[in-house]
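Here, residue 1 is the first one in the sequence, and each next residue gets the next number.
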Amino acid sequence: MRTHSVRNLGILAHVDAGKTTVTERFLYLTGATHKRGEVHDGTTVTDFDPQERDRGITIFAAAVSCDWAGHRVNLIDTPGHVDFSDEVERSLRVLDGAVAVFDAVAGVEPQSETVWRQADRHGVPRIAFVNKLDRAGAELDTAVASIRDRLGTVPLAVQLPIGREDGFTGVVDLVGMRAYVWAEGADTYTAQQVPDALREEALHRRRGLVEKVAELHPGALEEFCERDTLSGETLAAALRDLTLSGEAVVVLCGSAYRNRGIEPLLDAVVAYLPAPTDMPPVRGEVPADPEAPFTALAFKVNATATGRMTYLRVYAGTLRKGDTVLDATTTRTERVARILRVQADRATEVDEARAGDIVAVVGPKSARAGATLCAPDAPVVLEPPTTADPVVSVAVEARRSTDTGRLATALARMTEEDPSLVVRSDPETGQTVLSGLGELHLEVAVEKLRRDRGLEVTVGRPQVAYRETVTKGVTGLLHRHVKQDGGAGQFAHVVIDIEPADDEFVFASTVTGGRVPQEYIRAVEAGCRDALVEGPLGGHPVTGVRVTLTDGATHPKDSSEMAFRTAGRFALREALRTSVMTLLEPVAEVTVTVPAESVGSVLGDLAARRGRVTDSTTRSGTAVVSATVPLAELFGYASRLRGRTQGRGTFTTRPAGYAPAPQGLTV
């Protein structure tokens, strides 16, 4: 299939907005599956892991493919829970476009905003789908307003719902001015004239759409000035241009569960989202050309007991079964034994993969997520996806001493699959410490050890990752490093100032006259970075500090980069002990949704957890409370909330950085 006929897209959303159901309807309506999978029945294609089916949420990004209107659509269904945002990050790194799914009642929710910002960072064009229009309280205009206000983008609604809530039966397409109506239980729509009762409103909304598009698109403005309207072809072309540039977002609507609005959404994917050839060359030099040298990025690894599958996005060239490729990250060559087109947990073997394809390969033994695989005679390194720093840790230990080796092997495999998991050995206790992005993230990892590896493990209480920072610094701190042990000596003399900074670490030098050569200044900076690993309050990493090298001296024979690095390390350690330091703790933005009668109890509980309420609204008997809460206080909050609300309360979190911890907090 030609590269311009491929669409690589992700499905992004908050938990329970309907991402997986939208994906299931895509597969069913394109003929990729013959039965509609349901999340509540545990029969979905993409949520195939037992934990996903038990919990009713997406945990692992799953890739699937289908064909629609002569185009191949490669889909990645991404997690909606904040603890698995690293899966979203790796997926967005290799996608060309995305469908953002929003709940028609809730609008933009916290994790919707998080994944939207992630897509912004990667420059991924998006269209929006307002789902669940059949729910009580569903309102397209309210959802569109929240997209505009909370995401800071220009939403362009191209559809008008026919009917409300339970009476929602179809949509009016404002571009082509046709109505699409789904009969009860029908899989496909019938195209009709716009109902007379909606014609006036449809014309009014199309006029508003045309005026907004003309305001944003120069080509459309020219036709609008000539004709005072836009043809359907011009309007569609302008909408595509605005989507690709990111200046606006096309908004469609429907109800995925009731199978309404999905075919027009698929049409919009083909019409508005980019093909690989529409995207700029990777690194400015790798075009999406099947004839160019092979270049691909590994974005996911499944390291199972039976073998290793590496998921690739092919950016250029053609990969054939049996080819030898270079892992540019490690400079090792690997042989590709098989190429697989993946359908979640099933796969079909193919002979080749061309530029624009997303496939899995079997054969590479050491490629990690983020590795660049390329032609051996045309090496290139692509920017890998970023990995978030862990914020929660637990100690894990094999219950039987004979399983210690198996546990180490299983943990190594897990960190290959999920780079946001970090395993280390605590030097003080000798315990194995597993760190991740949240309590649920670690719960899933530990359950995976038990289910998939058959290991019995004991788990310690979760611990959060604290930081230390400078509140009041010092100036003119002098440190002289002199060492003479028989051979060549070591000499370094440095004078530093330290002060608080907004960034994690800032280093500057004001030394003049060549008193400290440039290579020694770089060594001092490296030594300072070494000292940031452990702060004076409790051995936590130090952040938010500016170090300025103001003076220094060298020895003609005994000075070296090693001596100045050592001097920088000891100077900053001494300066931190002399400064006023503050302990920082990770905090999270928490959004709690509860029945209105339970809000008082919930507010009291948040206050007891040192939470600071930032917003509270009530709508249709439901209260939504937003608060900033220390992450350490949220352990076990799910069960407490269920108890206070008779199981009717829900909450979501997202990281909100670090905040000063109260004095006297023991960690």
Side-chain angles (χ1 to χ4, degrees), residues 7-30 36 39 46 58 64 66 68 73 75-78 80 88 92 95-109 111-113 115-116 119 124-135 138-148 150-151 153-162 168-175 180 182 189 209 236 239-240 242-243 246 248-274:
R7 298 291 184 271
N8 294 316
L9 65 133
I11 309 293
L12 311 174
H14 186 86
V15 177
D16 203 34
K19 297 180 311 303
T20 301
T21 304
V22 168
T23 305
E24 290 297 320
R25 297 307 183 261
F26 276 7
L27 296 176
Y28 177 68
L29 291 169
T30 58
R36 288 182 287 184
V39 173
T46 53
T58 300
V64 293
C66 55
W68 182 257
V73 179
L75 268 168
I76 297 183
D77 179 22
T78 64
V88 182
L92 283 170
L95 293 171
D96 301 322
V99 175
V101 181
F102 300 95
D103 187 310
V105 178
V108 176
E109 298 174 271
Q111 186 62 5
S112 314
E113 194 170 343
V115 295
W116 190 272
V124 175
R126 279 142 282 170
I127 60 177
F129 181 67
V130 177
N131 192 26
K132 303 188 178 184
L133 271 180
D134 56 326
R135 285 184 59 196
E139 183 61 58
L140 175 62
D141 290 343
T142 304
V144 170
S146 73
I147 293 172
R148 180 178 57 249
R150 295 196 59 177
L151 302 180
T153 189
V154 180
L156 299 174
V158 297
Q159 292 178 341
L160 168 67
I162 300 175
F168 170 67
T169 58
V171 296
V172 175
D173 171 28
L174 300 179
V175 177
Y180 303 129
W182 286 263
Y189 63 80
L209 173 65
L239 288 169
R240 176 177 170 81
L242 294 172
T243 300
V249 176
V250 171
V251 181
L252 300 95
C253 60
S255 167
Y257 179 66
R258 297 177 70 175
N259 222 37
R260 294 173 184 173
I262 301 301
E263 298 103 312
L265 179 58
L266 278 164
D267 290 337
V269 163
V270 169
Y272 303 129
L273 289 180

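- To the nearest 0.5 Å, atoms CZ (Phe102) and CD1 (Ile147) are separated by 4.5 Å.
- Among residues two or more places apart in sequence or in another chain, the salt bridge (Lys or Arg N to Asp or Glu O under 4.0 Å) test is passed with Arg150 by Glu113.
- With values rounded to the nearest 0.5 angstrom, Phe168 atom CZ is found 5.0 Å from Leu133 atom CG.
- Taking every heavy atom of both residues into account, Val101 and Gly18 meet most closely at CG1-C, 4.3 Å.
- Between Leu239 and Thr243, the closest heavy-atom pair is O-OG1, 2.8 Å.
- Atom CG of residue Leu156 and atom CZ of residue Arg148 lie 10.5 Å apart, to the nearest 0.5 angstrom.
- A distance-only check finds no donor-acceptor pair linking the side chain of Arg126 to the backbone of Val249 [under 3.5 Å].
- For the side chain to side chain contact (heavy atoms under 4.5 Å, CB included) criterion with Leu12, the lone passing option out of Leu92, Val124, Ile76 is Leu92.
- Between Ala157 and Val144, the closest heavy-atom pair is CB-CG2, 4.5 Å.
- Each of Trp68, Trp182, Tyr180 was checked for a side-chain hydrogen bond (donor to acceptor under 3.5 Å, both in side chains) with Glu263, and the lone residue meeting it is Trp182.
- Atom CG of residue Asn131 and atom CZ of residue Arg25 lie 9.5 Å apart, to the nearest 0.5 angstrom.
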(message) The test is side chain to side chain contact (heavy atoms under 4.5 Å, CB included); show your working for Tyr189 and Val171 and say whether it passes.
(response) CA-CA 10 Å; Tyr189 63 80; Val171 296; over 6 Å; no

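- Residues meeting the ring pair (Phe, Tyr, Trp, His ring centres under 6.0 Å) test with Trp116, sequence neighbours left out: none.
- Contact detail for Leu140 and Cys253: the closest heavy-atom pair is CD1-CB, 4.0 Å.
- Interatomic distance, CD1 of Ile162 versus OG1 of Thr169, reported as 5.5 Å (0.5 Å rounding).
- Here CD1 of Ile11 is found 4.5 Å from OG1 of Thr23. Values are rounded to the nearest 0.5 Å.
- Here the closest non-hydrogen pair linking Ala17 and Lys132 is O-CE, 3.7 Å.
- Of the possible donor and acceptor atoms, one in the side chain of Arg7 sits under 3.5 Å from a partner among the backbone N and O of Val270.
- Among all heavy-atom pairs drawn from Thr30 and Cys66, the shortest one is OG1-CB, 3.1 Å.
- No salt bridge links Asp134 with Arg260; every basic N to acidic carboxylate O contact stays at or beyond 4.0 Å.
- Here the side chains of Leu151 and Val108 are in contact, with some heavy-atom distance below 4.5 Å.
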(request) Before giving the answer on side chain to side chain contact (heavy atoms under 4.5 Å, CB included), spell out for Ile127 and Val99 the whole-Å C-alpha distance, their side-chain angles and the decisive distance to 0.1 Å. (result) CA-CA 5 Å; Ile127 60 177; Val99 175; 3.9 Å; yes

(message) Could you walk me through whether Leu273 and Asp96 satisfy the side chain to side chain contact (heavy atoms under 4.5 Å, CB included) test, starting with their C-alpha distance in whole Å, then the side-chain angles of each, then the deciding distance to 0.1 Å, before giving a yes or no?
(response) CA-CA 8 Å; Leu273 289 180; Asp96 301 322; over 6 Å; no

